[in-house]
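The block underneath contains the structure these notes are about, expressed in structure tokens.
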There are 2 protein chains.
Amino acid sequence: MIRVLLAEDQALVRGALKALLEMEGDIVVVGEAARADEVVPLARETQPHVALLDIELPGGSGLIAAAALRESLPECRVVMLTTFGRPGYVQRALAAGAHGFLLKDAPAAELAVAIRRVLQGQRVVAPDLALMALQEGPSPLTQRESEVLAAAAGGATTADISASLHLSEGTVRNHLSSAIQKLGARTRTEAVRIAKERGWL
Amino acid sequence: MIRVLLAEDQALVRGALKALLEMEGDIVVVGEAARADEVVPLARETQPHVALLDIELPGGSGLIAAAALRESLPECRVVMLTTFGRPGYVQRALAAGAHGFLLKDAPAAELAVAIRRVLQGQRVVAPDLALMALQEGPSPLTQRESEVLAAAAGGATTADISASLHLSEGTVRNHLSSAIQKLGARTRTEAVRIAKERGWL
DNA sequence: GTTTCGGCATGACAGTTGTCACGGCGAGCG
DNA sequence: CGCTCGCCGTGACAACTGTCATGCCGAAAC
């Protein structure tokens, strides 16, 4: 039997995925987590062969959970599961030690296939996503630019950002201006949208 | 047997929900739609007792599909299913003729229960959502304000909005200013964020 | 029939934002 | 070492944004 840990914040989807997996016969869901910080303790307790992690989880992202899992249970394979094909996520997920990366857009039959492949040591990435990831490349933003842009995402003003990051307003505007140019945007708002679409935020 | 139509854009989630429902024994999924505009034709063909509609669907929202379904198959009950508890959605969904409104946060067991209740003529709304909907009330924005705010959501400038809605720039700024005040925001970006959170966009 | 409200518009104003030029500091590199 | 690059800052300027006062129009409400 393949022992699977399931991390997904929406209970209904989590329950449905469990039903789907257990229809396979040779798969059993040994643990269910709704938050990122529940993953490692639960994995220690249940010793799964594979952890299926949603990338967007409360209590820290699935990426953090994947890295933590890699530390404490190196034997456990990690498959990331996510809604949007943000290409930036793929690189970050693989860097965090994930063995597979699936979209929720994929057909249901593919899930069990992916789990078996990953258990055999293969890396499984949704093909169109892999392509996109190669095309887009990694984020062109420096760390500071990302921070400033992230702070601007919620609608904060320049003054708000400068206060929260302990920078001068002029510097904040410079970083934003740089990010706007790199992303081909015309306003900070547009830059935020583009960065989010690409998974760079 | 209860005949169910399933509309959900993410194939994996759709397949998983189907597996969950069919575990019940007395429920059969007779149709699966990935887009809003597939719902009515598919329903005509498959004659379901209940349609389970995600609110966020490509090809028009689930709200539109619900209203169209109410027109062409009045016998068919409608249950909306959504990710976020945007209170504004509840009112709009009920106005569109939905009989139930569930969150994907709800426990998996609740889904079948809700379907059976709705079939018996009851209205089923997730209790915490109903409360929030009453607290928040409907959107305070006029139609024009909503349109302008929606156009601003993607990062468009005042000039862009005025062009796409055939208004003067001054008028756009007035509508935005009004929306910003009504929402208690300080910038258009913040107003967009607040309106989205409340389901008013 | 007068009042109220939403929509549309103009003009003016202060404040914010995006850009540019310029300089300084520290880290990595040939 | 000199060079580049990221980071931080300043000052200045044009453009954009948010607000306000004021006005006109049509529809709904009293």
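The chains referred to below are lettered A, B, ... by the order of the sequence lines, with proteins before strands, and numbering in each begins at 1.
- B:R144 has a side-chain polar atom (N or O) that falls below the 4.0 Å cut-off from OP1 or OP2 of C:dC8.
- We find that CG of A:L183 is positioned 15 Å from C1' of C:dG18, with the value rounded to whole Å.
- Taken residue by residue, residues 170-182 of chain A places heavy atoms nearer than 4.0 Å to DNA chain D at A:G170, A:T171, A:R173, A:N174, A:H175.
- Remark: C1' of C:dC5 and CD of B:Q143 are 15 Å apart, rounded to the nearest angstrom.
- Note: CD (B:E145) to P (C:dC5) measures 14 Å, nearest angstrom.
- Considering only side-chain N and O atoms, B:T157 lies nowhere under 4.0 angstrom from the phosphate OP1 or OP2 of D:dT17.
- A side-chain contact (heavy atoms from CB on, under 4.5 Å) with B:I27 is found for exactly one of B:L20, B:V50, B:I2, namely B:I2.
- Taking atom CG of B:L167 as the reference point, atom P of C:dG7 lies 11 Å away to the nearest angstrom.
- Between the side chains of B:S177 and B:R188, no donor N or O sits under 3.5 Å from an acceptor N or O.
- With A:H49 contributing its side chain and A:R3 its backbone, the two residues share a donor-acceptor pair below 3.5 Å.
- Side-chain contact annotation: A:T158 with A:E169, donor-acceptor N/O pair under 3.5 Å absent.
- Using a 4.5 Å cut-off on side-chain heavy atoms (C-beta onward), A:V90 and A:L94 make contact.
- Rounded to whole Å, atom P of C:dT16 lies 13 Å from atom CD1 of A:I161.
- One atom, CG of A:L165, and another, P of D:dG9, lie 10 Å apart when rounded to the nearest Å.
- Not one side-chain nitrogen or oxygen of B:T158 sits closer than 4.0 Å to the OP1 or OP2 atom of D:dC16.
- The 5' end of DNA chain C is approached more closely, in terms of each residue's nearest nucleotide, by B:S168 than by the other of A:A185 and B:S168.
- Among B:I55, B:L57, B:L53, the single residue meeting the side-chain contact (heavy atoms from CB on, under 4.5 Å) criterion with B:L63 is B:I55.
- Distance, A:R188 CZ to C:dT16 P: 11 Å, rounded to whole Å.
- In this structure the side chain of B:I180 never reaches within 4.5 angstrom of the side chain of B:T187, judged on heavy atoms.
- Straight-line distance from the CD atom of A:E169 to the P atom of C:dG15: 13 Å, rounded to whole Å.
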